[in-house]
Amino acid sequence: MDAFVQWFRLVTPYIHAYQNKVFVMSLGGRALSLPHLKNITFDINVLLALGIRVVLVHGAREQIEDLLKARNLPSRFHNGYRVTDADTLECVLNAVGSVHIEISAMLSQGLPNTPMANAKNRVIGGNFITAQPIGVLEGVDLQYTGKVRKVDADGILAQLKLGNLVLINTEGLSPTGEIFNLEMADVAQAVSVALRADKLIFLTEGRGIFDEKGEFLDALTSDELSALPLSQTPDDVARFAPHAAAACRAGVGRVHFVPWQTEGALLKELFTHDGVGSVITRESLENMREAKSDDIAALIAIIEPLEAAGVLVPRPRELLEREIEHFSIMLHDNIVVGCAALYVQEQTEDEPKMAELACLAVRADQREWGYGESLLRRIESRARAQKIEVLFVLTTQTEHWFMERGFALGEVSDLPQCKRRIYNLQRKSKVLFKKL
């Protein structure tokens, strides 16, 4: 099959899942050096074209540092916050304003023969963030350094529903008319929580989270992140990590760390199973549950190719609708990637209580992740809860897979009487049993 067509089909579930979802993205000033900003802009444009609602929070730390150096002013930090006196605030306003205009200009492109051709992105800024001073920390007066007091979530959502991209900087306004310098991660966290965003994405210089041994972690929960020593994690990622964990606990669906220096990293992270960075979730990324009627279309998409190949017995949609309560499903990032069914059999007095494992199927592009084995364990757990003594499966092509997992070959005559009566002699399926 043509690779382009195959790729397009593989990303379609993500496209459906992301439509009208709210993504808050955080981009530091260091990423603004070309060609990185141009490529990031192209990828954000793709998200907008797919109907994703984007809020972009930007910083300007590098640009502020350059202005301070040019004016021979000191750069002072305390507890991770910049100490912002009046002279520093002037540099902050100039730097943030310059970056804001630069990003707006990049997102407003529409040149032919570029990914931005025919794009009509409307970039909206505004007084969406109300700030208050942090005040004195450990005897240090942070002066014009502030924290988020309130986010105008209704105002932002109104703009998103109009199809606009909302661009938010790190300047916060107070009810007294003062301007405060805010920390970018604080703003991104506050905005994502206020909007109940589906994703918070930190575009970072570092790849993501590393454990104390230097091993890269592509997925972990917020609790795991909070308990993890970050000595091997890149500085910018480590600085944002507490905000990621807090956002997850406050209801943000997923938090991603995506390396902006990697070409196409944003798209690879969002539209492929492997991704390229680290994703933080409140609970494990993979989860299983019992199927519902809303899952039937996803089940059909998984089992139809296997039915066409003769691996599974064809199941009409009407049959699936009637028997949906028998199915368990595996989800990855809320997308159905596998299924299996349990059918408890009628038994005679001299037969053990038996059940059939049926329709164990995993999407072709997801089979390397062990989802089939996880689904098998789920079915076995359900069977034990119903006091099933023997689990059996009928298969034409996967007998070795089941044998490696504790099943043993048997005879058709070993099946419960009710199943023997409907055994398909033409398929000549192998029969395997496992005592629970």
Side-chain angles (χ1 to χ4, degrees), residues 18-64 92-131 148 151-173 179 181-182 184-192 194-195 197-203 256 258 260 264-267 270:
Y18 293 160
Q19 281 185 341
N20 297 321
K21 295 297 191 293
V22 175
F23 290 7
V24 175
M25 303 173 62
S26 173
L27 180 66
R30 189 171 174 81
L32 301 184
S33 57
L34 294 175
H36 297 300
L37 179 59
K38 180 177 70 175
N39 293 333
I40 293 169
T41 302
F42 289 164
D43 292 346
I44 292 174
N45 179 64
V46 172
L47 303 187
L48 295 171
L50 294 175
I52 296 170
R53 297 171 175 175
V54 177
V55 177
L56 181 58
V57 178
H58 75 82
R61 177 173 290 205
E62 296 296 316
Q63 290 76 10
I64 293 170
V92 168
L93 297 179
N94 289 335
V96 170
S98 175
V99 169
H100 196 89
I101 291 296
E102 184 177 356
I103 294 176
S104 296
M106 294 295 292
L107 289 167
S108 301
Q109 296 179 77
L111 293 175
N113 301 319
T114 73
M116 303 289 287
N118 300 315
K120 295 181 180 179
N121 299 324
R122 293 188 298 271
V123 181
I124 304 297
N127 57 339
F128 298 116
I129 306 297
T130 302
V148 177
V151 176
D152 181 7
D154 291 339
I156 295 173
L157 289 171
Q159 293 299 326
L160 294 177
K161 289 177 182 178
L162 292 173
N164 300 333
L165 180 147
V166 176
L167 184 61
I168 295 177
N169 59 38
T170 53
E171 297 172 355
L173 308 179
I179 303 174
N181 176 31
L182 308 179
M184 181 183 69
D186 282 344
V187 177
Q189 175 191 332
V191 171
S192 64
L195 298 180
D198 299 276
K199 291 185 183 293
L200 168 59
I201 302 167
F202 287 104
L203 292 162
H256 298 257
V258 181
W260 53 259
L266 181 60
L267 300 183
L270 296 176

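A quick note: this is a predicted structure, and the numbers were derived from the prediction, not measured. In what follows, residues are counted from 1 in the order of the sequence shown.
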Specify the closest pair of heavy atoms between [X] and [Y], including all atoms of both residues, with the distance to one decimal.
{"X": "Met106", "Y": "Thr41", "result": "O-CG2, 3.2 Å"}
{"X": "Ala190", "Y": "Val148", "result": "CB-CG1, 3.8 Å"}
{"X": "Thr170", "Y": "Gly59", "result": "CG2-CA, 4.2 Å"}
{"X": "Gly155", "Y": "Phe128", "result": "C-CE2, 3.8 Å"}
{"X": "Leu270", "Y": "Tyr18", "result": "O-OH, 2.8 Å"}
{"X": "Ala153", "Y": "Ala194", "result": "CB-O, 3.7 Å"}

With heavy-atom distances below 4.5 Å as the criterion, would you say the side chains of [X] and [Y] are in contact?
{"X": "Arg61", "Y": "Arg30", "answer": "no"}
{"X": "Val99", "Y": "Leu32", "answer": "yes"}
{"X": "Leu167", "Y": "Ser104", "answer": "yes"}
{"X": "Leu173", "Y": "Ile179", "answer": "yes"}

**Steps toward side chain to side chain contact (heavy atoms under 4.5 Å, CB included) verdict (Gln63, Val96)** = CA-CA 8 Å; Gln63 290 76 10; Val96 170; over 6 Å; no
**Message:** Check whether Arg122 reaches the backbone of Val166 with its side chain - one donor and one acceptor, N or O, closer than 3.5 Å.
**Reply:** no
**Item:** Test item: Asn169 side-chain N/O and Val57 main-chain N/O as donor-acceptor pair under 3.5 Å
**Value:**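 No: the side chain of Asn169 does not pair with the backbone of Val57.
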**Asked** Please walk me through it: do Ile44 and Leu266 pass side chain to side chain contact (heavy atoms under 4.5 Å, CB included)?
**Response** CA-CA 8 Å; Ile44 292 174; Leu266 181 60; 4.3 Å; yes
**Prompt:** Rounded to the nearest 0.5 Å, how far apart are CG of Leu47 and NZ of Lys199?
**Reply:**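 Reported value, rounded in 0.5 Å steps: 11.0 Å.
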**Prompt:** When rounded to the nearest 0.5 angstrom, what distance separates NE2 in His256 from CG in Leu203?
**Reply:** 11.0 Å
**Prompt:** What residues form a side-chain hydrogen bond (donor to acceptor under 3.5 Å, both in side chains) with His58, not counting sequence neighbours?
**Reply:**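 So His58 forms a side-chain hydrogen bond (donor to acceptor under 3.5 Å, both in side chains) with His100.
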Could you list the donor-acceptor pairs under 3.5 angstrom formed between side-chain atoms of residues 19-27 and any protein atom two or more places apart in sequence or on another chain?
unit_1: Lys21; atom_1: NZ; unit_2: Ala17; atom_2: O; d: 3.3

**Request:** Identify which one of Ile103, Asn121, Val123 satisfies the side-chain contact (heavy atoms from CB on, under 4.5 Å) criterion when paired with Leu165.
**Result:**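 Exactly one option meets the side-chain contact (heavy atoms from CB on, under 4.5 Å) with Leu165, and it is Val123.
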**Message:** Would Leu111 and Thr114 count as a side chain to side chain contact (heavy atoms under 4.5 Å, CB included) here? Give the steps.
**Reply:** CA-CA 6 Å; Leu111 293 175; Thr114 73; 4.0 Å; yes
**Request:** Given side chain to side chain contact (heavy atoms under 4.5 Å, CB included), test Val55 with Ile156 step by step and report yes or no.
**Result:** CA-CA 8 Å; Val55 177; Ile156 295 173; 3.9 Å; yes
